[in-house]
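One structure is given below, encoded as structure tokens.
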Amino acid sequence: MDEQLLEIIHIMDLRYRWSAGPHLGEFLRGLKAGKILANRCPRCGRHQLPPTPVCGRCHVAMGTDWVELSPRGTVISFSHVVDPMYDAGIGGMRPVPYTLASIVLDGASDVAFFHRLEESTAQRVRQGMRVEAVFRPPSEREGTMEDILHFRAIEENEKRGGSP
Amino acid sequence: MPERVAIVGIGQTEHQYMRPDVNHEEMIHEAVERALQDAEMNIHEIDTVLMTNMDLFEGHYLADAMSVDGAGMYGRPGFKLNTGGTSGGTAVAAAWHHIASGVFETVLVIGWQKQDATPSIAALATAREPFYDRGLAAGAVGIFASMALQYMQEAGCGEEPAALARVIMADHARRNPYSHLKLDLTVEDVLASRVLVWPVRLLHMSPTSCGACALVLSNEGRARRSPKPPVWIVDTETAHREQSVWRGGCVEPAPGPTAIEVAASRLYNRNGIGHPSREIDVWELYTPSSWALLPWMELFSICEKGRAWRLVEKELIRLDGPIPIEPSGGVVSTNPIGASGVIRVAEAALQIRGEGGERQVHKEVRTALASAWGACHWIVIFLLSKDRP
């Protein structure tokens, strides 16, 4: 007797449209201009990255106190990703390998930024490594997190402003 | 003896079809700030925050995690919950239990939905069992169509009463600054709108809206310090047939008491209400279609079976009538789904406070009944009172 177990494959094709709103919107416009912007609580002074409408601790509205953070920072943790993972942003599997890092940007030690590391940087990454954001050329930027290509290792005496 | 539960703060957004100007955290924050201002409280006086929206409508898992700061959830216990269309009602009921239990003094409860993000019906359709009836289910419109057809047959009414009910709700909505649709309708307009599923027409159905509504609930001790007179949530009751979602919408074919009848009769019996239409001054019934109003007036025992359409015909449900229903303009005018159940309670409380503005019902309001209704015939109802229970 044929005892096949049955299953259904179902594919949903959905279109989403998310509103960035004024706070995340300002941050994304900043990326397009080659800047990493945080906002700051008018009461406790802490940075918010990504920017939010309210300071969670103080529950006061974030004002217009925008701060441009340094593109340079320090790696505090990292992860080499070798196993493909479903990417809800593209609706498919994300290519591997790549390396993610949490980076504390200079001048804002109370928040961490999260992005990819450049390949040769990833191969020798360690906690405490100094890195710098590499933006895509202005004509390729679209106001998304992908406007930053990756972070790459720097020597402290190196001048600012890398190229991809 | 449970703690008494009062509404001490009410806030909502101006509900709209699209809110491209804000993300969902910012939209939630608008309602939260208004509720806190209304209560003259700051977030540090809130013990816990409960939030609700319809899962997946915005395409987010853990949508609450993306709105912690704006919602005032930072550093406090609480959670997001979802029971489908009834979500807003369930959230207020959960807040009621949190306070009634004596564990929490103050609860901020938030309902919200941002339906401009995606076609909501796609998320709704995933509720159906994929092997059995996902390919057959007709969605919300079909439910109201069968409800309407059955009502027409049993009560012997035509199309006009549901159309007139829609006109009356539109008249109320135009007086409500928070309402999404502020339509100026005639019965002819409604009857000329296209048929979705006979006899339900486009104008019988609720819109898809973006919006948020927040309430601050407190125990009696805290309510005594409230700047505005507290509105008491005397009692709440829930009934549902959730198992029906995978049985073609039916639990069993034989006619039995509906979830509304079960919940309403329990609530009335517990509170000694013998004549609901006389003892309850205003009704916010969460009618997602104006066709639902007719059977539901009867299931809620507002009138005898088969009589509702005649009461509507006499326009007794208007703001100046003896049985005012949906003074807000109802769900047919405004439906940010996760918020809709909270809005019903908010509107009932505003009416008891006498803060209905141009939509304030004309007679004195001391008691109100608010409900939330959703898939699986899930119903949550609330008895609200100006007088301390």
Side-chain angles (χ1 to χ4, degrees), chain A residues 4-29 37-66 85-92 110-111 114 143-145, chain B residues 16 18-33 35-37 41-46 49 56-63 65-76 108 114-126 128-132 134-135 210 212:
Chain A
Q4 266 195 313
L5 298 174
L6 300 175
E7 58 182 26
I8 287 176
I9 304 292
H10 178 71
I11 297 167
M12 290 185 81
D13 185 7
L14 295 179
R15 182 174 296 269
Y16 293 107
R17 175 178 47 213
W18 292 300
S19 314
H23 301 89
L24 204 53
E26 183 69 12
F27 168 78
L28 295 172
R29 277 190 293 277
L37 298 177
N39 59 4
R40 202 154 59 171
C41 172
R43 185 169 299 166
C44 71
R46 76 180 175 126
H47 295 92
Q48 299 266 65
L49 194 66
T52 71
V54 179
C55 171
R57 274 182 218 164
C58 307
H59 203 79
V60 297
M62 303 295 280
T64 50
D65 189 10
W66 289 91
M85 143 143 195
Y86 189 81
D87 184 338
I90 60 175
D110 50 356
V111 284
F114 188 63
T144 73
M145 284 293 274
Chain B
Q16 295 171 33
M18 305 266 286
R19 285 298 306 272
D21 57 317
V22 286
N23 65 19
H24 72 248
E25 181 183 15
E26 289 151 351
M27 188 182 75
I28 289 165
H29 182 58
E30 289 175 13
V32 167
E33 278 309 289
L36 290 172
Q37 279 166 17
M41 286 169 79
N42 70 54
I43 196 70
H44 306 293
E45 296 173 83
I46 297 292
V49 182
L56 291 180
F57 271 36
E58 289 80 12
H60 302 310
Y61 170 63
L62 285 181
M66 285 169 243
S67 43
V68 164
D69 292 347
M73 298 172 99
Y74 186 98
R76 26 193 77 76
L108 173 65
K114 201 160 185 298
Q115 293 203 73
D116 57 5
T118 184
S120 324
I121 195 74
L124 273 186
T126 65
R128 308 309 296 221
E129 213 287 329
F131 288 88
Y132 188 65
R134 195 177 279 195
C210 297

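As the structure is a prediction and not an experimental result, all values here were calculated from the model. A, B, ... follow the sequence lines: proteins, then strands. Residue 1 opens every chain. When reading the values below, keep in mind they use all heavy atoms of this one structure, side chains included, and skip hydrogens, waters and symmetry mates.
Annotation: B:His29 is not in aromatic contact with A:His23 [ring centroid separation under 6.0 Å not met].
For B:Asp21, the part lying under 4.5 angstrom from a heavy atom of chain A is the backbone only. Neither the backbone nor the side chain of B:His24 comes within contact range of chain A; no heavy atoms are under 4.5 Å apart. Only the side chain of B:Met18 comes within contact range of chain A, with heavy atoms under 4.5 Å apart. Both the backbone and the side chain of A:Ile8 have a heavy atom closer than 4.5 Å to some heavy atom of chain B. B:Thr126 touches chain A through its side chain: at least one heavy atom from C-beta onward sits under 4.5 Å away, while N, CA, C and O do not. A:Arg15 touches chain B through its backbone: at least one of N, CA, C or O sits under 4.5 Å from a heavy atom, while the side chain does not.
Without hydrogens or angle criteria, B:Asn23 side chain to A:Ala20 main chain gives a donor-acceptor distance under 3.5 Å. Within the 3.5 Å criterion, the main-chain N or O of B:Glu58 finds a donor-acceptor partner in the side chain of A:Trp18.
Note that CG of A:Leu24 is 8.0 Å distant from CD of B:Glu26, once rounded to the nearest 0.5 Å.
No side-chain heavy atom of A:Ser19 sits under 4.5 Å from any side-chain heavy atom of B:Arg19.
Smallest separation of non-hydrogen atoms from A:Val54 and B:Asp69: O-CB, 3.4 Å.
Contact count versus chain B (heavy atoms, under 4.5 Å) is highest, among A:His10, A:His59, A:Glu7, A:Gln48, for A:His59.
Judged as a side chain to side chain donor-acceptor pair (under 3.5 Å), and not counting sequence neighbours, A:Arg17 has no contacts.
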